[in-house]
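All heavy atoms count here, side chains included; hydrogens, waters and symmetry mates do not. Quick caveat: nothing in here was measured; it's all calculated off a predicted structure. Every number for a ligand or one of its atoms is a count from 1 in the order of the listing.
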Amino acid sequence: MRITCVGGGPAGLYFAVLAKLADPGHEITVLERNPAGVTWGWGVVFWDDLLDDLFRYDPVSAERIWESARKWDEYEVRATGKPDTHLAGYGFSLGRHRLLEILAERAEELGVRISYSDELSDLAALPPADLVVACDGARSRIRDEHAGHFGAEVEVARNKYIWLGTPHVFDTFTFGFEKTSAGWIWYHAYPFDDTTSTFIVECQPSTWAALGFDTLDAHAGAEKLRQIFGKHLGGQKLIDHRAEVGGTGWLNFRRVTAQRWDHGNVVLMGDAAHTTHFAIGSGTKLAMQDAMALADAVASGDPLPVALERYEHRRKAALAPLQKAARASSAWFERLPEYADLPAKRFSYALSNRRGEYPAWRYLLHMSTQSPIPRTLLRRTLAVRRWTRARRRPPILANTA
Ligand SMILES: Cc1cc2nc3c(=O)[nH]c(=O)nc-3n(C[C@H](O)[C@H](O)[C@H](O)COP(=O)(O)OP(=O)(O)OC[C@H]3O[C@@H](n4cnc5c(N)ncnc54)[C@H](O)[C@@H]3O)c2cc1C
């Protein structure tokens with residue numbers, strides 16, 4: 001089969017890897033508009049569920065991802081006027097740049113052709129292919145060219161956010177909330193290698209405008225944020241990639257949905273088909289799980305229309321609960337001032353239960369594990385759980401968990 005993937009993000013590259021593994025006879029080309037090694041964004045977080053899937057589908061790239069990932073073992077919550085509190089949980093983070101490097105390397109080892117600096121401007125200009133995978137991101141040109149057919153809709157979220165990086169290496173995943181004269185502004189930060197952390201800042205639009213971010217350029221905006229969050233950054237700066245190209249990185253999250261995902265031999269995948277708010281940090285995971293489902297469907301041997309239908313059905317069913325959780329989570333942040341006056345432990349519990357799904361015992365556990373000894377016991381218990389889960393994966397994982 002001749003397959004063209006338009007977009008060399010996590011979805012496109014991982015699908016190329018899996019399709020080639022399933023059938024080395026496929027001729028697969030990935031078109032990527034950026035030069036090799038150039039990407040936007042900082043680190044992404046993921047959890048055991050994605051790791052399990054990655055090891056099941058391609059242990060070679062999974063092992064490289066695991067080895068490069070930073071491991072963290074709880075969440076810290078800081079808020080103006082409150083003592084720091086902690087939330088149970090562990091996870092992993094990895095630079096987007098490194099993730100793409102691993103996937104591109106693996107794809108090329110298997111014989112996939114990646115054409116960099118190759119921007120598709122017109123679907124009709126593509127060389128003939130049996131399957132065209134539109135994995136060109138949230139602003140997919142292919143989807144928007146056929147918006148009527150795909151039934152695509154975009155809902156713009158209210159809060160402003162900006163995706164920054166910093167050389168300050170946070171110990172663990174940290175939420176920090178600062179009260180300014182213009183209202184609350186907060187960050188979601190996590191280390192993703194030995195020298196860098198992701199630092200996503202979010203606030204209500206009224207706070208954003210009152211703090212002057214609507215008129216500051218990228219340099220001045222990053223400097224202003226550094227002053228606001230100075231005590232969290234260990235004297236380090238904040239970096240906005242947009243400063244190199246002009247403009248500013250402040251955005252409103254765009255929630256994309258599409259009623260149909262296929263059109264003839266063209267199929268949507270990853271952010272081109274659906275986006276999921278960063279408040280639950282799952283967009284990359286879902287994009288890669290789309291790739292797994294599409295690779296399975298193509299490998300099934302069914303006629304293409306049946307295979308694409310099966311892929312869409314499987315993924316829409318899997319996405320529904322996460323999208324519900326993402327909506328609840330982003331809505332919580334939009335209502336943040338309603339919770340901000342709660343005492344520290346209740347505030348951090350409200351943050352952790354922002355999807356509104358926890359049973360009552362989670363509240364009791366949270367309240368009783370804020371002091372050092374029970375907190376350490378809980379972390380050790382979770383470390384055992386992580387180790388046990390890792391033991392079920394290939395040996396290298398068991399040895400390093
Ligand atoms: C602030 C923020 C934080 C996030 N944090 C996390 C997180 O912690 N964990 C997580 O799992 N996810 C996170 N995400 C989401 C994640 O980044 C996306 O969901 C994921 O990148 C989707 O992968 P994709 O391959 O579908 O699309 P993309 O990663 O957007 O890749 C699309 C690719 O297509 C290329 N392209 C576009 N148009 C063309 C064209 N016409 N021709 C050729 N190439 C083209 C682009 O250059 C790009 O390389 C976050 C997102 C944001 C905004």
Side-chain angles (χ1 to χ4, degrees), residues 4-16 29-47 49-51 54 65 69-70 72 91-97 99-100 103-104 114-123 125-126 132-145 157 159-165 173 187-192 197-202 240-241 249-256 268-291 294 315 319 322-323 326 330 333:
T4 304
C5 298
V6 181
L13 291 171
Y14 198 53
F15 171 73
T29 304
V30 177
L31 305 186
E32 170 52 48
R33 67 180 167 194
N34 288 330
V38 172
T39 186
W40 50 273
W42 298 87
V44 293
V45 279
F46 53 97
W47 290 271
D49 56 344
L50 180 66
L51 269 178
L54 293 175
I65 289 171
R70 179 102 185 179
W72 41 267
F92 314 92
S93 30
L94 182 62
R96 179 179 161 90
H97 186 276
L99 175 65
L100 295 184
L103 297 179
I114 306 178
S115 178
Y116 289 104
S117 304
D118 194 350
E119 177 160 7
L120 179 85
S121 47
D122 181 3
L123 204 50
L126 274 183
V132 175
V133 186
C135 37
D136 50 345
R139 291 180 185 267
S140 167
R141 179 178 296 196
I142 298 180
R143 182 198 64 223
D144 290 349
E145 256 178 32
N159 280 355
K160 293 282 183 186
Y161 79 90
I162 186 166
W163 199 356
L164 303 172
F173 195 119
Y187 66 83
H188 318 219
Y190 43 89
F192 64 85
S197 299
T198 292
F199 197 87
I200 302 168
V201 181
E202 188 182 356
D240 181 353
H241 279 322
W250 282 103
L251 294 168
N252 292 72
F253 180 75
R254 290 159 53 87
R255 184 172 173 275
V256 174
L268 303 179
M269 183 174 68
D271 272 15
H274 53 80
T275 58
T276 309
H277 196 275
F278 57 86
I280 63 161
S282 294
T284 305
K285 169 179 103 167
L286 296 175
M288 294 178 84
Q289 289 174 335
D290 282 0
L294 184 58
R315 290 309 293 151
L319 282 166
L322 268 168
Q323 286 183 325
S330 59
F333 283 106

For ligand 1, find out whether one of its N or O atoms is nearer than 3.5 Å to an N or O atom of F278. no
What is the ring orientation for F199 with Y187, classed by angle as parallel under 30°, tilted 30 to 60°, or perpendicular over 60°? parallel
Would you call the rings of H241 and W42 parallel, tilted or perpendicular, taking 30° and 60° as the class edges? parallel
Considering only the protein, which heavy-atom contact is closest to atom 27 (O) of ligand 1, and what is its distance? G137 CA, 3.8 Å
Select one of side chain, backbone, both or neither to describe which atoms of W40 lie under 4.0 Å from any atom of ligand 1, heavy atoms only. side chain
Between D271 and ligand 1, find which residue part has any heavy-atom pair under 4.0 Å and reply side chain, backbone, both or neither. both
Min N/O separation G283 to ligand 1 under 3.5 Å: yes
Below 4.0 Å, non-hydrogen atoms only: which portion of T276 touches ligand 1? Side chain, backbone, both or neither. neither
Which part of C135 is near ligand 1, with near meaning a heavy atom under 4.0 Å away: side chain, backbone, both or neither? backbone
Between A138 and ligand 1, which part of the residue brings a heavy atom under 4.0 Å of the ligand: side chain, backbone, both or neither? neither
Among protein heavy atoms, which sits nearest to atom 35 (C) of ligand 1, and what does the distance come to when rounded to 0.1 Å? E32 OE1, 3.2 Å
Applying a 4.0 Å heavy-atom criterion (strictly less than), which segment of W47 is in contact with ligand 1: side chain, backbone, both, or neither? neither
What do we get for R139 next to ligand 1 when only non-hydrogen atoms under 4.0 Å count, side chain, backbone, both or neither? neither
Using distance alone, determine whether Y161 and ligand 1 share an N or O pair under 3.5 Å. no
